Enquirer: 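One structure, pasted below without further comment.
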Amino acid sequence: MDSFPSSEPLRPVTQSEIASFASDGVVYLPNIVEKNWIELLNSSLELMLKDSKMFADLTALSSDLNKTQGLAAITENESKAGRFLSGVDHWKEDKNFAAFAKISPLPSIVAKLMNSKTVYLYEDSVLIKEPCTAEETAFHQDLGYFHLKGENVCTVWAPLDHVDSETGSVVYLRSSHKNKKVFKPNWFVVNEPLPDVEGNDLPNIEIDDKKLDLVRFDTKPGDLVVHHALTLHGAGANSSAARERRAVSVRYCGDDSTYIIRPGAPKKPHHENMRTGDPVIDHPDCPLVWG
Ligand SMILES: O=C(O)CCC(=O)C(=O)O
């Protein structure tokens, strides 16, 4: 029988944090998750990284996309320096990732922030920027990637390392969730929509645009940043020569969420059996984790 760290947060979510999430579409929650949870993710990730098939190399993708579009390609030297790696749905294979997504403090924190009686797990993602990774995470909005509709959809971003602007903190356009528009999902490393997707064209946002109300946080293991699925966000390159920047995002939906099959967005096997308008209910591939 596995034993896991506590499901209780280290401290309660405050009223002011709930208000920030509602008004800004993002909230920084320092010192809220026991470090033992992060240690478990670290140990699983170390093993997973031995199997390169588990991760997409977004640095290679960026280079290919830039070549096909005739854009200035990242130079050979830059592309050799560090890679932006990403993986998805590790909770389905790994018991530590499953426990973090399902029985860690995350579901209760999300229920509080969204004021939702129920919380369902949509997916997890691993986002690694090795030292000297030139690629930024292009500004995007999560909802367009998800076959979901509803007010109560969010992402919890959990850093496994100290992350700051040198190593690629995530940058959020404050209150952009209030616009309610769903934007076309992009390739994550360039602001080019995925093929055949629907929605509004994404605005071209630069990570350091001083004219915009962009917010970012210096974070450490045990902190969380939670953003609404409509909030526009991107992330910087990792310009540090020595520091790794690894994070796990866990994505949830809550009360009144329904499926909407979005053409062109990445599908999971169970989406083949869902119809637009079907309510999200407990399902092995989208399990109820709170309520
Ligand atoms: O960590 C990153 O680079 C991007 C994270 C992100 O966009 C997300 O988890 O939705």
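Atoms within each ligand, like the ligands themselves, are counted from 1 in listed order. What you see is a predicted model, and the numbers here were worked out from it, not measured in a lab. Every heavy atom of this structure was used, including side-chain atoms; hydrogens, water molecules and symmetry mates were not.
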Enquirer: Is K129 salt-bridged to E135, cutoff N-O under 4.0 Å?
Expert: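 Judged by the 4.0 Å cut-off on N to carboxylate O distance, K129 and E135 do not form a salt bridge.
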Enquirer: Can you tell which of R216, H227, H233 makes a side-chain contact (heavy atoms from CB on, under 4.5 Å) with V170?
Expert: H233
Enquirer: Counting both backbone and side chain atoms, is some N or O of T155 under 3.5 Å from an N or O of ligand 1?
Expert: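 No - when backbone and side-chain N and O of T155 are compared with those of ligand 1, no distance drops under 3.5 Å.
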Enquirer: Check each of E136, E135, R251 against atom 8 (C) of ligand 1 and report the one with the nearest heavy atom.
Expert: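 Ranked by closest heavy atom to atom 8 (C) of ligand 1, first place is R251.
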Enquirer: Which atoms of ligand 1 are found less than 4.0 Å from any heavy atom of H227?
Expert: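 Those qualifying, in numeric order: 10 (O).
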Enquirer: I'd like to know if the side chain of K95 pairs up with that of S44 as donor and acceptor (distance under 3.5 Å, no hydrogens or angles considered).
Expert: no
Enquirer: Are there over 12 heavy-atom neighbours, none belonging to N115, within less than 6.0 Å of that residue's CG?
Expert: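 No, because the 6.0 Å sphere around CG of N115 holds 12 heavy atoms or fewer from other groups.
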Enquirer: For atom 9 (O) of ligand 1, what is the nearest protein heavy atom, given as residue, atom name and distance?
Expert: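 Its nearest protein heavy-atom neighbour is S249 OG, 2.5 Å.
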Enquirer: Under 4.0 Å from a heavy atom of R245: give me the atoms of ligand 1 that qualify, with their elements.
Expert: 1 (O), 2 (C), 3 (O)
Enquirer: Taking only residues two or more places apart in sequence or in another chain, which ones pass salt bridge (Lys or Arg N to Asp or Glu O under 4.0 Å) with D89?
Expert: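 So D89 forms a salt bridge (Lys or Arg N to Asp or Glu O under 4.0 Å) with K268.
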Enquirer: Parallel, tilted or perpendicular for Y145 and F188, by the 30°/60° rule?
Expert: perpendicular
Enquirer: Could you tell me the residue and atom name of the protein heavy atom closest to atom 4 (C) of ligand 1, and the distance to it rounded to 0.1 Å?
Expert: T137 CG2, 3.7 Å
Enquirer: Could you list the residues that satisfy salt bridge (Lys or Arg N to Asp or Glu O under 4.0 Å) with D256, not counting sequence neighbours?
Expert: none
Enquirer: Which atoms of ligand 1 sit under 4.0 Å from any heavy atom of D142?
Expert: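 Here the atoms of ligand 1 in question are 10 (O).
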Enquirer: Could you see which bit of F188 sits under 4.0 Å from ligand 1, with heavy atoms only: side chain, backbone, both or neither?
Expert: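 Side chain only.
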Enquirer: Under 4.0 Å from ligand 1, counting heavy atoms only, is it the side chain of A235, its backbone, both or neither?
Expert: side chain
